[in-house]
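Below is one structure, written out as structure tokens, with a few remarks after it.
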There are 2 protein chains.
Amino acid sequence: MTRSTGSRDAYHHGDLRRAVLTAALDVIRTDGPAALSLRGLARRAGVSHAAPAHHFKDRAGLLTAIATEGFDLLASTLADAAGLRDAGVRYVRFATDHPAHFQVMFQPDLHHPTDPALAEAKSRAGDRLREAVAEAVDTDDARLAGIAAWSLAHGFATLFLTHNLTDPVGDRAPEDVFSSLTGLLFRT
Amino acid sequence: MTRSTGSRDAYHHGDLRRAVLTAALDVIRTDGPAALSLRGLARRAGVSHAAPAHHFKDRAGLLTAIATEGFDLLASTLADAAGLRDAGVRYVRFATDHPAHFQVMFQPDLHHPTDPALAEAKSRAGDRLREAVAEAVDTDDARLAGIAAWSLAHGFATLFLTHNLTDPVGDRAPEDVFSSLTGLLFRT
DNA sequence: TGCCCCATCTAGGCATTGACAAGTTGGGGT
DNA sequence: ACCCCAACTTGTCAATGCCTAGATGGGGCA
């Protein structure tokens, strides 16, 4: 797997796995996960209709891989957070920067339910979230506070991505709106 | 359309529309919207494979009808709310009581994007939400406070339905957890 | 009471898709 | 130089969405 140029050597695409993932993310971003078809992705990549399945087993396998990648991206995004509010802002920015990942991550009915790689990535991201909460809250109600913080950021991101916040947000960057929103709640 | 008994008169099912909706909600609750098939619903109802399409036009039409019904249910649930916190609790309870509706309501890629009935139901529910916020917050930051409240309740409900709060919540009713969560945030 | 209209449902067909099985290719390791 | 095996192709089948044309019978109207 050295040849990564755009060559179409018939066989050995170069990095078909990445190509399919990228195409899938593009489709999901614009038309949602329901519009995704393995055969369509194969056509985009210029390969035979069964080629994608070789890398992802089946449709659910592809979506599981996307969710896993998403949780890992989220984990590394949260790792650099400076404080709980920044973690929230980063959470929202992650959702707007990677809307396809985000959508798939939180639709478990699209995944292979027992995939170990997904479970690990998920728990890695959860750890980063709990770290951010722990360093900002006294340990007594840390668990409840964590749920509250996660709910707030997740709800905001979800509502924004589902076009339920378009007019209230207007032209402002959603992360900024979220930031001032936390300011209102915690009067920091 | 008087005959609503369980008669299977070959023709004139009685209330096929309701039967299909109910079956669809059942499928969505257990296996998610992706598992929904018009032909499967037709089999459940004991009618021909094209019968459901007559009532809903197509698959997206069925899901649009479910979303519309969901927003109307939500609107009437919020109408009776006593205060903002109660509205939040009711929002969460709605999500857990009607998980299939809730899922479909917030996946716009499954809907007919311009359906007027859906848009109206959506705005009715939005009105109830804004009412609940307006009577609890001074008008200055009502808009932002509304987004905050909605985000909190919506995020909590979404995370719970996607099985991301199972261990933190444990056996407690999710609405109770949400209630104590708002207590922690607003130290009421 | 009788008749006709049309909403409701059936029947058939076509293109697309996911999934599976079996064969082909050719690059890298020994 | 050879062979193994991952990567890809080709072919096929059942299931689905959606379209068109036709059958049925209940309710409204004369």
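In what follows, every chain begins at residue 1, and chains take the letters A, B, ... in the order their sequences are listed. Computed from a predicted model, the values in this text were never measured in an experiment.
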Would you indicate what B:L36 reaches in the nucleic acid, counting non-hydrogen atoms under 4.0 angstrom: base, sugar-phosphate, or nothing? sugar-phosphate
For C:dT16, does OP1 or OP2 lie under 4.0 Å from any side-chain N or O of A:H49? no
It should be established whether A:R43 places a side-chain nitrogen or oxygen under 4.0 Å from OP1 or OP2 of nucleotide C:dT16. no
In this structure, how many angstroms lie between the [atom2] atom of [N] and the [atom1] atom of [X], rounded?
X	N	atom1	atom2	answer
B:L110	D:dG17	CG	C1'	15 Å
A:K57	C:dC20	NZ	P	5 Å
B:L62	D:dC18	CG	P	11 Å
A:L16	C:dG27	CG	C1'	17 Å
B:L41	D:dC18	CG	P	13 Å
B:D15	C:dC9	CG	C1'	14 Å
A:F56	D:dC8	CZ	P	11 Å

[options]: which one has an atom nearest the side-chain heavy atoms of [X]?
X	options	answer
A:A50	C:dT17, C:dA11, D:dT9	D:dT9
B:R59	C:dG18, D:dC18, D:dA7	D:dC18
B:L38	C:dT8, C:dG18, D:dG17	D:dG17

Salt bridge flag under 4.0 Å for residues A:R124 and A:D127: no
When A:S48 and A:R39 are each assigned the nearest nucleotide of DNA chain D, the 5'-most assignment goes to A:S48
Option from B:W150, B:Y91, B:F178 for which ring pair (Phe, Tyr, Trp, His ring centres under 6.0 Å) with B:F156 holds: B:F178
Check: B:H111 ring centre within less than 6.0 Å of B:F106 ring centre: no
So, for B:F94 and B:F71, is the gap between ring centers shorter than 6.0 Å? no
Could you see if A:L184 belongs to whatever hydrophobic cluster contains A:V169? Use Ile, Leu, Val, Met, Phe, Trp, Tyr and a side-chain cutoff under 4.5 Å. yes
